[in-house]
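Each remark here refers to the structure printed beneath this line.
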Amino acid sequence: MTLVIEQPQLGFEVETKIFHEDLTELKLDGGFTVPESNAFGQTFRDYNADSERKESVEEFYRKNHIYQSIDFVRKMREGYGKLNRTEMSIWESCELLNEFVDESDPDLDEPQIEHLLQTAEAIRKDYPDEDWLHLTGLIHDLGKVLLHPSFGALPQWAVVGDTFPVGCAFDKSIVHHKYFEGNPDYYNPEYNTKDGIYSEGCGLNNVLMSWGHDDYMYMVAKENKTTLPSAGLFIIRYHSFYPLHRSGEYTHLMNEEDVENLKWLQIFNKYDLYSKSKVRVDVEKVKPYYLSLIEKYFPAKLKW
Ligand SMILES: O[C@H]1[C@H](O)[C@@H](O)[C@H](O)[C@@H](O)[C@H]1O
Ligand SMILES: [Fe+2]
Ligand SMILES: [Fe+2]
């Protein structure tokens, strides 16, 4: 099914595969099979399912929605944008993630390094020639190092979870939307309209997103002059923006380049989401391959 969303004001059409995912039509491009349920026997991303993680995930979003205001985002971008905290390689940062479990995630409670390798390996099977996409899979969540003491040990609500624009209305499709009633921006007439401080077609690059691992890792990759293609950087930066890539909201803020890049993000998302499982990847076995990709696309040491 192809969904064409009419956007006459933009002067171009946002045509994208499927925003509202229909699993019966979901064909991945190679051998990867989409599992019917997550590691807890529930459907993926079901925030209302009675699982052992339900309450803690909801509590996570309560805090996230209350504290992610435009002032908070500006402060974090300015502070962390300096990249003056440490220097390390991409692989070292993967290892740092070994100790963290993501509190926002209803589908996985394995250490994050497992998730990175599961995502990258699943993509590699179906897209053997797109080595940039394998590496994007490996690094897309590395911004979660913000949880580590050497990065200020940020609370989970400032690092993980789905992201959304600030400075315009919080869309109803955002998980646990009701908690925005505790966010000061919710009542500010400058920020609580559809466009808010933005204009139609302004491009996502000009939109401030809630602060977390996506935007931080994008900054790190870009400032350290990665040679990854623009689609790779886009995936890193917006992979948690489910209100856009799954629900099809906020498309009025995109420009033409965003529309192109969104196609790759939607491919990537299937692997990011549905590769989550309890089956572990043999780290030592795949490490040499990923080290070669890191060498191809990144300097040996990066500023963080
Ligand atoms: O719980 C998950 C997790 O934090 C992911 O890393 C993020 O990309 C998702 O958007 C979020 O919902
Ligand atoms: Fe993520
Ligand atoms: Fe991920």
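None of the values given here were measured: they were computed from a predicted structure.
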Handout entry: Derivation of the salt bridge (charged side-chain N to carboxylate O under 4.0 Å, His left out) call for Asp109 and Lys276
Key = CA-CA 9 Å; Asp109 60 359; Lys276 289 175 183 171; over 6 Å; no
Practice task
Test side-chain contact (heavy atoms from CB on, under 4.5 Å) on Tyr242 and His245 and set out the steps.
Solution key: CA-CA 5 Å; Tyr242 277 79; His245 65 71; 3.6 Å; yes
Handout entry: Close side-chain approach of Leu154 to Trp211, heavy-atom, < 4.5 Å
Key = yes
Practice task
Quick one: pull up CG in Leu96 and CG in Leu146 and give me the separation to the nearest 0.5 Å.
Solution key: 11.0 Å
Problem - Test item: Glu190 side-chain N/O and Ile197 main-chain N/O as donor-acceptor pair under 3.5 Å - result: no
Handout entry: Heavy-atom side-chain contact between Tyr191 and Val166 under 4.5 Å
Key = no
Exercise for the section: Using modelled atom types only, decide if a donor and an acceptor are shared between the side chain of His140 and the backbone of Gly137 within a distance under 3.5 Å. Expected result: yes
Donor-acceptor contacts, no H, no angles, side chain residues 296-304, under 3.5 Å, sequence neighbours left out:
from	atom 1	to	atom 2	distance (Å)
Lys296	NZ	Asp131	OD2	2.7
Tyr297	OH	Asp131	OD1	2.6
Lys301	NZ	Glu92	OE1	3.1
Trp304	NE1	Met88	O	3.1
Trp304	NE1	Leu302	O	3.4

Completion exercise
Hits for side chain to side chain donor-acceptor pair (under 3.5 Å) against Tyr250, two or more places apart or cross-chain, chain-then-number order -> none
Problem - Residue pairs fulfilling salt bridge (Lys or Arg N to Asp or Glu O under 4.0 Å) with at least one residue in residues 227-241, sequence neighbours excluded - result: Asp215-Arg237
Practice task
Measure from the ring center of Tyr67 to the ring center of Phe72 and say whether it is less than 6.0 Å.
Solution key: no
Exercise for the section: Can you sort out the partners of Glu181 under salt bridge (Lys or Arg N to Asp or Glu O under 4.0 Å), two or more places apart, ordered by chain and number? Expected result: none
Practice task
State which residues pass side chain to side chain contact (heavy atoms under 4.5 Å, CB included) with Lys225; sequence neighbours excluded, sorted by chain then number.
Solution key: none
Problem - Donor + acceptor pair across side chains of Ser104, Asp102 (<3.5 Å) - result: yes
Completion exercise
Here the gap from Thr251 atom OG1 to Glu200 atom CD, rounded to the nearest 0.5 Å, amounts to 8.5 Å
Practice task
Would you give the length of the straight line joining atom CZ of Phe44 to atom CG of Leu108, rounded to the nearest 0.5 angstrom?
Solution key: 9.0 Å
Practice task
Look at the aromatic rings of Tyr271 and Phe32 and report parallel, tilted or perpendicular, splitting at 30° and 60°.
Solution key: tilted
Exercise for the section: For Ser173, enumerate each residue passing the side chain to side chain donor-acceptor pair (under 3.5 Å) test, keeping only those at least two apart in sequence or located in another chain. Expected result: Asp171
Practice task
Consider only side-chain N and O atoms of His213 and Asp141, and report whether a donor and an acceptor are under 3.5 Å apart.
Solution key: yes
Handout entry: Whether Gln68 side chain and Val73 backbone form a donor-acceptor pair below 3.5 Å
Key = no
Problem - Interatomic spacing from OG in Ser69 to CG in Asn188 - rounded to 0.5 Å - result: 10.5 Å
Exercise for the section: Assess whether atom NZ of Lys75 is packed by more than 12 heavy atoms of other residues, nucleotides or ligands within 6.0 Å. Expected result: no
Exercise for the section: Show the numbers, then the answer: is there a side-chain hydrogen bond (donor to acceptor under 3.5 Å, both in side chains) between Asp214 and Thr163? Expected result: CA-CA 8 Å; Asp214 301 50; Thr163 57; 4.7 Å; no
Practice task
For Arg280, enumerate each residue passing the side chain to side chain contact (heavy atoms under 4.5 Å, CB included) test, keeping only those at least two apart in sequence or located in another chain.
Solution key: Glu110, Pro111, Glu114
Practice task
Begin with the C-alpha distance, continue with both residues' side-chain angles, and end with the deciding distance and a verdict on side-chain contact (heavy atoms from CB on, under 4.5 Å) for Lys263 and Ile267.
Solution key: CA-CA 7 Å; Lys263 294 175 188 162; Ile267 291 171; 5.8 Å; no
Handout entry: With sequence neighbours excluded, residues passing side chain to side chain donor-acceptor pair (under 3.5 Å) with Asn38
Key = Asp107
Exercise for the section: Drop me the distance from Leu293's CG to Thr136's OG1, to the nearest 0.5 angstrom. Expected result: 9.5 Å
Problem - Contacts of Ser230 that satisfy side chain to side chain contact (heavy atoms under 4.5 Å, CB included) - sequence neighbours left out - result: Glu257, Asn261
Practice task
Using atom types as modelled and distance alone, determine if a side-chain donor or acceptor of Gln156 lies under 3.5 Å from a backbone N or O of Val101.
Solution key: yes
Practice task
Dump the intermediate steps for side-chain contact (heavy atoms from CB on, under 4.5 Å) on Phe100 and Val160, then the final yes or no.
Solution key: CA-CA 11 Å; Phe100 297 114; Val160 299; over 6 Å; no
Problem - Nearest-0.5 Å distance that lies between atom CZ in Phe268 and atom NE2 in His239 - result: 6.0 Å
Handout entry: Qualifying side-chain hydrogen bond (donor to acceptor under 3.5 Å, both in side chains) pairs, either residue in residues 281-294, two or more places apart
Key = Glu121-Tyr290, His134-Tyr289
Fill in the blank from the handout: Those residues at least two apart in sequence (or on a different chain) that pass side chain to side chain contact (heavy atoms under 4.5 Å, CB included) with Glu223 are Leu83
Handout entry: Check: Ser277 side chain, Val279 main-chain N or O, donor-acceptor pair, under 3.5 Å
Key = yes
Problem - Check: Phe151 main-chain N/O paired with Tyr80 side-chain donor or acceptor under 3.5 Å - result: yes
Exercise for the section: Kindly state whether the ring of Tyr61 and the ring of Tyr179 have centres lying under 6.0 angstrom apart. Expected result: no
Exercise for the section: With salt bridge (charged side-chain N to carboxylate O under 4.0 Å, His left out) as the test, would you mind laying out the steps for Lys270 and Asp126 before giving the verdict? Expected result: CA-CA 12 Å; Lys270 312 300 176 209; Asp126 286 3; over 6 Å; no
Fill in the blank from the handout: Heavy-atom closest pair (Ala169 atom, Asn192 atom, distance to 0.1 Å) is CB-O, 3.7 Å
Exercise for the section: For residues 56-67, pull every pair meeting salt bridge (Lys or Arg N to Asp or Glu O under 4.0 Å), keeping only residues two or more places apart or in separate chains. Expected result: Glu58-Lys178, Glu59-Arg62, Glu59-Lys63
Exercise for the section: May I ask you to test the Ile235-Asp272 pair for a side-chain heavy-atom distance under 4.5 Å? Expected result: no
Handout entry: Check: His65 ring centre within less than 6.0 Å of Phe164 ring centre
Key = yes
Handout entry: Criterion side-chain contact (heavy atoms from CB on, under 4.5 Å) on Ile139 and Leu116, from CA distance to verdict
Key = CA-CA 7 Å; Ile139 68 171; Leu116 296 179; over 6 Å; no
